[in-house]
Amino acid sequence: MTIQQIDVAYTAIATAENGRDGRVSTDDGKLDVVVNPPKEMGGSGAGTNPEQLFAAGYSACFQGALGVVARQEKVDVSGSTVTASVGIGKTGAGGFGLEVAITATIPNVDRATAQSLIEKAHQVCPYSSATRGNIKVALSAA
């Protein structure tokens with residue numbers, strides 16, 4: 001689904017210098033981090049990496065979507081957490097690809113309700129919409 005420019009409420013702007021082995025910063029200065037490939041991929045692992053930044057953004061966004069769904073369904077998700085695990089690896093085409101595992105812990109509901117809320121949040125979350133059909137995303141209730 002494509003949104004029209006007039007529907008955009010906010011635009012984040014970030015600039016990278018030196019790719020995966022450099023620095024990333026936002027135009028407002030609120031984020032300014034050194035990025036380095038992880039040791040598992042031959043890097044120094046000294047800074048953060050794009051996969052960690054993606055996992056942080058996805059988990060925060062998904063937590064927000066979970067809250068939206070919970071309010072609609074009148075379910076208490078206070079104390080819940082969402083963890084996004086982002087994996088990177090080589091694809092058969094010679095490039096690299098990502099996969100994501102989303103795990104939500106929702107202490108005030110049973111496992112079936114938690115799984116239902118997670119699946120509904122996956123339909124609402126902008127990160128899920130952006131990745132749908134492009135990468136594998138696994139959902140689970142802890």
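Counting begins at 1 with the first residue of the sequence.
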When rounded to the nearest 0.5 angstrom, what distance separates CZ in Arg20 from CG in Asn49? 6.0 Å
I'd like to know if the side chain of Glu119 pairs up with that of Gln115 as donor and acceptor (distance under 3.5 Å, no hydrogens or angles considered). yes
For Ser116 and Ala112, indicate whether the former's side chain and the latter's backbone hold a donor-acceptor pair under 3.5 Å. no
Could you tell me the separation between the CG atom of Asp76 and the CZ atom of Arg71, rounded to the nearest 0.5 Å? 12.0 Å
Do you reckon Tyr127 sits in the same ILVMFWY cluster as Leu139, going by side-chain contacts under 4.5 Å, direct or chained? yes
Asp27 side, atom CG; Thr11 side, atom OG1 - distance, nearest 0.5 Å: 10.0 Å
What about Phe62 and Leu53, same hydrophobic cluster or not, with Ile/Leu/Val/Met/Phe/Trp/Tyr joined at side-chain heavy-atom distances under 4.5 Å? no
Show the numbers, then the answer: is there a side chain to side chain contact (heavy atoms under 4.5 Å, CB included) between Arg23 and Asp32? CA-CA 7 Å; Arg23 174 174 298 288; Asp32 188 350; 2.6 Å; yes
For Lys39 and Ser44, the nearest pair of non-hydrogen atoms, with its separation, is CE-O, 3.3 Å
Between Val100 and Thr131, is a side chain to side chain contact (heavy atoms under 4.5 Å, CB included) present by the stated rule, with each step listed? CA-CA 9 Å; Val100 177; Thr131 59; 5.7 Å; no
Distance-minimising heavy-atom pair for Gly47 and Gln52: O-OE1, 4.4 Å
Test side chain to side chain contact (heavy atoms under 4.5 Å, CB included) on Gln72 and Lys120 and set out the steps. CA-CA 11 Å; Gln72 290 171 346; Lys120 290 174 182 173; over 6 Å; no
Check whether Ile88 and Val24 end up in the same hydrophobic cluster, where Ile, Leu, Val, Met, Phe, Trp and Tyr are linked by side-chain heavy atoms less than 4.5 Å apart. no
Interatomic distance, OG1@Thr113 vs CD1@Ile106, rounded to 0.5 Å, equals 9.0 Å
Which pair of heavy atoms, one from Cys61 and one from Pro126, lies closest together, and at what distance? SG-CD, 3.3 Å
Evaluate side chain to side chain contact (heavy atoms under 4.5 Å, CB included) for Leu117 paired with Leu66, printing each intermediate quantity in order. CA-CA 7 Å; Leu117 290 169; Leu66 181 62; 3.8 Å; yes
Strictly distance-based, threshold 3.5 Å: is any side-chain N or O of Gln63 a donor or acceptor partner for the main-chain N or O of Val82? yes
With a 4.5 Å cut-off on side-chain heavy-atom distances among I, L, V, M, F, W and Y, is there a chain of contacts connecting Leu31 to Phe54? no
Between Thr103 (side chain) and Ala142 (backbone), is there a donor-acceptor pair under 3.5 Å? no
Euclidean distance, Met41 CE relative to Glu51 CD, rounded to 0.5 Å: 6.0 Å
Donor-acceptor pair, Asp21 side chain versus Gly43 backbone, under 3.5 Å? no
In terms of hydrophobic clusters joined by side-chain contacts under 4.5 Å, are Phe96 and Tyr58 together? yes
So, does Arg132 use its side chain to make a donor-acceptor pair with the main chain of Val137 at under 3.5 Å? no
For the residue pair Ser140 and Ile118, what are the closest heavy atoms and their distance? O-CD1, 3.5 Å
